[in-house]
There are 2 protein chains.
Amino acid sequence: MKVINEQIEIDGIDKQILRALMNDARTPILSIARTIGISGAAVHQRLRKLEDAKLIVGSKFVINPKILGYKTMAFIGVYLDKAMRNPSAVKELQEIPEVMESHYTTGNWSLLIKILCKDNEHLMHILNHKIQAIKGVSRTETFISLNQQIDRQIKV
Amino acid sequence: MKVINEQIEIDGIDKQILRALMNDARTPILSIARTIGISGAAVHQRLRKLEDAKLIVGSKFVINPKILGYKTMAFIGVYLDKAMRNPSAVKELQEIPEVMESHYTTGNWSLLIKILCKDNEHLMHILNHKIQAIKGVSRTETFISLNQQIDRQIKV
DNA sequence: GGTGAAAGTTAACGGAG
DNA sequence: CTCCGTTAACTTTCACC
């Protein structure tokens with residue numbers, strides 16, 4: 001692992017370790033070590049370094065929201081009044097649990113957000129009573145995801 | 001845990017287990033059990049049921065792409081020719097490692113995709129030489145994410 | 001960079017209330 | 001659903017190369 005500025009370069013062994021854990025965070029370190037052909041302690045050390053370098057942010061269980069009844073995903077372009085303080089709008093968005101992502105973006109919108117709702121009725125409720133209720137939100141454009149084909153992390 | 005159609009309803013204990021593991025997939029089952037005040041075997045059984053119900057999809061290490069030099073995220077609205085077979089376009093998108101998400105959406109675009117690039121130059125290259133090169137892609141609209149404030153999973 | 005061993009935890013299973 | 005006990009496997013740290 002080589003540090004260049006605030007970036008790092010990782011070697012093939014780091015990549016093998018990361019690939020295994022990005023695929024299944026509970027893969028035992030020892031089994032990774034055996035696959036690669038080095039000792040568990042070595043894998044452990046490398047992981048510590050990758051964490052120190054902040055490359056590894058954490059680990060998560062991934063759940064399927066559909067099983068809990070969340071079946072409608074949508075992207076919403078949000079127009080904010082110029083005068084408004086955007087940070088307060090973002091703070092209010094953060095209070096809405098259905099909001100999964102929020103980005104400041106270039107282009108027409110101020111924000112692009114991704115939300116997850118149970119159904120279209122739920123989506124409409126969030127739009128009309130939660131998003132539109134936020135001060136500074138003047139208009140929104142909604143794009144419902146009919147089907148997601150790709151969902152992955154960057155390849156290492 | 002109650003099964004209703006293909007959906008399930010989970011109780012407070014399931015939620016505590018899921019919250020712990022969604023937050024850190026490597027949390028030992030025994031420590032979760034101690035926190036809740038039940039036995040490790042009980043947590044183990046519940047996890048098996050949640051997996052059987054397909055609520056738990058898997059677990060992942062989350063990495064920070066910026067540390068590897070991927071600093072530009074963008075959303076791209078893709079217009080596909082009506083005549084084109086969309087599946088083949090999606091298949092070609094899948095071959096582009098920079099594409100993190102792809103959705104069929106309602107609205108003007110056929111597809112909305114999320115891509116992750118090293119910088120704007122890299123983004124332009126992907127746009128002009130990879131995305132536009134796909135048969136059926138007539139036009140694209142790009143929104144660069146200047147800043148992401150929210151990134152999370154559904155709350156359980 | 002890497003190793004191997006030791007100590008302490010944990011996972012996973014079966015049996016039983 | 002819970003608890004307990006057992007064994008095998010794993011994590012973590014250490015001195016050392």
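Below, read A as the first sequence line, B as the second, and so on, with proteins coming before strands; counting in each chain starts at 1.
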- request: Give one of base, sugar-phosphate or nothing for A:I13, where a contact means two heavy atoms less than 4.0 Å apart.
  value: sugar-phosphate

task: Determine the contact category for A:M1: base if any of its heavy atoms lies under 4.0 Å from a base atom, sugar-phosphate if only primed atoms, P, OP1 or OP2 are that close, otherwise nothing.
output: sugar-phosphate

Backbone N or O of [Y] within a donor-acceptor pair of the [X] side chain at under 3.5 Å?
{"X": "B:Q153", "Y": "A:F61", "result": "yes"}
{"X": "B:Q149", "Y": "B:N147", "result": "yes"}
{"X": "A:N5", "Y": "A:Q7", "result": "no"}

- prompt: Taking 5' to 3' order, which nucleotide of DNA chain D is first and which is last to have an atom within less than 4.0 Å of a heavy atom in chain B?
  reply: D:dC1 to D:dT11

- line: Counting primed atoms, P, OP1 and OP2 as sugar-phosphate and everything else as base, the B/S/- map of nucleotides 4-17 of chain C against protein heavy atoms under 4.0 Å is B-----SSS-----

message: Quick test of your reading: applying side-chain hydrogen bond (donor to acceptor under 3.5 Å, both in side chains), list the pairs with at least one residue in residues 69-78 of chain B, sequence neighbours left out, ordered by first then second residue.
response: none

Proximity of A:H103 and B:F75 rings by center, below 6.0 Å: yes

- request: State plainly whether the residues B:R46 and B:D11 are in salt-bridge range, i.e. N to O under 4.0 Å.
  value: yes

Salt-bridge criterion met for A:E101 and B:K114 (N-O under 4.0 Å): yes

- prompt: So which heavy atom on B:V90 is nearest to which on A:I150, and how close?
  reply: O-CD1, 4.5 Å

